Q: 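Questions regarding the structure given below will be posed in turn.
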There are 2 protein chains.
Amino acid sequence: MIAEYKLHHPLLLAIDCIIFGFDGEQLKALLIKRGFAPEKGKWSLMGGFVKKDESVDAAAGRILDQLTGLHDIYMEQLHCFGEVDRDPGGRVISMAYYALIKIDDYGTELMEEHQAQWFGMAEIPELVFDHKKMMEMARERLRQKVANYPIGFALLPHKFTLPQLQALYEAIYETELDKRNFTRKILSFEILQKLNEKEKETSRKGAFLYVFDKKKYKKLEKDGFKII
Amino acid sequence: MIAEYKLHHPLLLAIDCIIFGFDGEQLKALLIKRGFAPEKGKWSLMGGFVKKDESVDAAAGRILDQLTGLHDIYMEQLHCFGEVDRDPGGRVISMAYYALIKIDDYGTELMEEHQAQWFGMAEIPELVFDHKKMMEMARERLRQKVANYPIGFALLPHKFTLPQLQALYEAIYETELDKRNFTRKILSFEILQKLNEKEKETSRKGAFLYVFDKKKYKKLEKDGFKII
DNA sequence: ACAAAAGTGTTGTCTGTACACCCATGC
DNA sequence: GCATGGGTGTACAGACAACACTTTTGT
């Protein structure tokens with residue numbers, strides 16, 4: 001490090017990660033029992049510290065991987081939480097990220113190791129430090145993002161039905177949507193590909209499965225659209 | 001600091017600030033000639049380091065104040081730039097902020113001291129490190145934000161005309177807007193208060209001045225709207 | 001009188017929203 | 001045959017986009 005920089009005070013930079021999942025009915029978040037002081041044993045977001053030789057985004061990816069074993073996850077910076085006294089253990093600045101995962105992809109071994117648990121949005125327990133604020137901000141950001149970009153699919157299984165997709169939007173927005181209008185809108189973007197298969201778990205008639213068209217999806221992911 | 005935290009590697013956390021202004025015709029950004037190594041003498045965003053006992057947001061406010069002498073400025077976190085090698089002088093992570101200032105409020109003494117200069121968006125010079133990327137991201141974010149929240153006023157003088165406001169939006173979006181449709185849309189939000197004064201610098205006829213209604217503005221600032 | 005910018009309305013098109021019935025199937 | 005959830009069309013209302021002329025006033 002050059003001399004000029006040595007005059008400044010170094011700080012610890014942490015990552016905290018809001019991990020969203022969807023079980024078909026509820027939007028959920030994955031929380032862990034904090035395994036170290038301070039506040040050991042309390043519910044917390046998954047977190048960790050940025051290492052000397054890794055980028056901040058890479059640190060976030062590593063931390064998500066540690067808990068879920070998953071790679072190539074939709075993940076985005078949320079906000080930097082930098083109040084002086086936010087962590088009673090010392091001066092730690094936290095970059096919060098949020099991630100969207102397919103809840104079924106996610107094994108239970110790592111989950112047990114970290115004493116992790118899914119919580120529905122209405123059952124989020126008390127969280128350490130400012131993690132509640134992070135959670136609130138993440139929910140708000142997710143709502144905004146999902147209204148304008150087709151990222152919601154990251155929360156669904158590879159093949160999904162239109163009723164499932166609608167239930168996802170309803171869970172995120174805590175509202176009810178009209179089936180006909182929703183279907184028409186989603187299909188008008190032409191990012192869905194209808195399969196010749198039906199999902200028959202949840203109804204006698206069965207609902208057609210869809211996958212999304214990656215190419216068109218990529219374009220919309222950049223340009224945005226307007227779902228809600 | 002507690003023992004657990006001492007195991008982790010502390011890092012330097014910098015702030016870089018994209019400062020936008022509007023001169024009635026062009027959207028501009030305030031840049032400085034970097035006054036210290038590395039890359040001393042090159043054009044750069046205004047920046048600095050987060051101190052031990054100040055929050056990250058407070059650091060951003062302080063750095064903006066150092067350059068402009070202004071307080072109570074619209075300012076928002078943009079993104080964390082955390083690549084390992086982004087700064088050749090050492091491992092420095094940068095939180096980028098963007099700020100919107102009224103270009104006329106801004107004196108020239110501090111500007112000379114920092115060798116600062118306004119650049120139109122088409123004339124941004126080469127910038128140090130990843131500052132160009134920050135600038136691009138800030139422009140994009142400004143476009144998004146201004147389409148949904150009435151923050152554009154932060155770039156205009158306290159009293160402004162409808163043609164000025166339209167010129168601002170046209171500059172931000174690099175597009176032309178229809179005068180009639182724009183006026184109707186803006187007035188429909190009922191956040192503007194028409195004054196009995198005209199601005200007569202730019203035309204013989206003169207255009208009515210407006211101020212904005214702070215209360216309604218606050219509400220829209222939170223809820224959002226849809227201008228473009 | 002003319003140049004230059006401000007101000008003002010109407011219409012057609014598109015998008016959003018509200019709303020109800022039949023279909024396929026497993027039991 | 002009936003209960004359950006899946007799938008589909010229409011009509012009305014509000015928003016958006018395109019478009020041209022008159023007004024004011026300084027020179």
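Every chain is numbered from 1 and lettered A, B, ... according to where its sequence line falls, protein lines coming before strand lines. Worth knowing before you read on, the calculation uses all heavy atoms, side chains too, and leaves out hydrogens, waters and symmetry mates. Since this is a predicted model, take the numbers as computed values, not measurements.
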Q: With a 4.0 Å cut-off on heavy atoms, is B:T161 in touch with a base, just the backbone sugar-phosphate, or nothing at all?
A: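 B:T161: no heavy atom of the nucleic acid under 4.0 Å.
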Q: Picking from C:dA5, D:dT25, D:dA3, which would you name as closest to the side chain of B:S203?
A: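 Of all the options, the side chain of B:S203 is nearest to C:dA5.
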Q: Of B:R180 and A:D178, whose nearest nucleotide on DNA chain D comes first from the 5' end?
A: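 Closest to the 5' end, via its nearest nucleotide, is A:D178.
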Q: In whole Å, I'd like the distance from the CZ atom of B:F182 to the C1' atom of D:dA18.
A: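 B:F182 atom CZ is separated from D:dA18 atom C1' by 17 Å.
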Q: Output the rounded distance in Å from NZ (B:K198) to P (C:dA5).
A: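 Going from NZ in B:K198 over to P in C:dA5 covers 15 Å.
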Q: Looking at the side chain of B:N181, which of D:dA18, D:dG26, C:dC19 is the nearest nucleotide?
A: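 Selected nucleotide: D:dA18.
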Q: Between D:dT8, D:dG6, C:dA5, spot the one nearest the side chain of A:P163, thanks.
A: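 For the A:P163 side chain, the nearest candidate turns out to be D:dG6.
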Q: Output the rounded distance in Å from CG (A:L195) to P (D:dG6).
A: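 So the two atoms are 17 Å apart, to the nearest Å.
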Q: Looking at A:Q66, I'd like to know if its CD atom is crowded, meaning that more than 12 non-hydrogen atoms belonging to other residues, nucleotides or ligands lie closer than 6.0 Å.
A: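 Enclosed.
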Q: Under 6.0 Å between ring centres: does that hold for A:F160 and A:F153?
A: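 Yes - the distance between ring centres of A:F160 and A:F153 falls below the 6.0 Å cut-off.
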Q: Could you give the CZ-to-C1' distance, from B:F208 to D:dT23, as a whole number of Å?
A: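 Whole-Å distance recorded here is 12 Å.
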Q: Can you identify which nucleotide, out of D:dG7, D:dA3, D:dT25, has its nearest atom closest to the A:K179 side chain?
A: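 Side chain of A:K179 sits closest to D:dG7.
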Q: Hey, is the side chain of B:K200 poking within less than 4.0 Å of OP1 or OP2 on D:dG26, counting only N and O atoms?
A: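 Indeed, a polar side-chain atom of B:K200 lies that close.
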Q: Using atom NZ of B:K194 as one end and atom P of C:dG7 as the other, report the distance to the nearest whole Å.
A: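 From B:K194 NZ to C:dG7 P: 7 Å.
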Q: Taking B:K215 first and then B:D213, would you say they form a salt bridge - that is, a charged N and a carboxylate O separated by under 4.0 Å?
A: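 Salt bridge between B:K215 and B:D213, a charged N being under 4.0 Å from a carboxylate O: no.
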Q: Which part of the nucleic acid, if any, lies within reach of A:T183 when heavy atoms closer than 4.0 Å are counted: base, sugar-phosphate only, or nothing?
A: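 Counting heavy atoms under 4.0 Å across all strands, no contact is made by A:T183.
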Q: Between C:dC19, C:dT17, C:dT25, spot the one nearest the side chain of A:R184, thanks.
A: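 Comparing C:dC19, C:dT17, C:dT25 against the side chain of A:R184, the answer is C:dT17.
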Q: Looking at C:dA6, does its base get a donor-acceptor pair with the side chain of B:K205 below 3.5 Å?
A: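 When only heavy-atom distances are counted, B:K205 does reach the base of C:dA6 through a donor-acceptor pair under 3.5 Å.
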Q: Which nucleotide sits closest to the side chain of A:K185: C:dT8, C:dC19, C:dG16?
A: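 The listed nucleotide nearest to A:K185's side chain is C:dG16.
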Q: Are A:E136 and A:K133 close enough for a salt bridge, meaning some N to O gap below 4.0 Å?
A: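 No.
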Q: For the pair A:E174 and A:R139, find out whether any cationic side-chain nitrogen is under 4.0 Å from an anionic carboxylate oxygen.
A: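 Yes, this pair counts.
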Q: Using atom CD of B:E199 as one end and atom P of D:dT24 as the other, report the distance to the nearest whole Å.
A: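 Atom-to-atom, B:E199 to D:dT24, this comes out as 18 Å.
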Q: Mind calculating the distance between CD1 (B:I186) and P (D:dA15) to the nearest angstrom?
A: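 Nearest whole value for this atom pair: 16 Å.
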Q: Just the rounded figure in Å: distance from P of C:dA6 to CZ of B:F160.
A: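 These atoms are roughly 15 Å apart.
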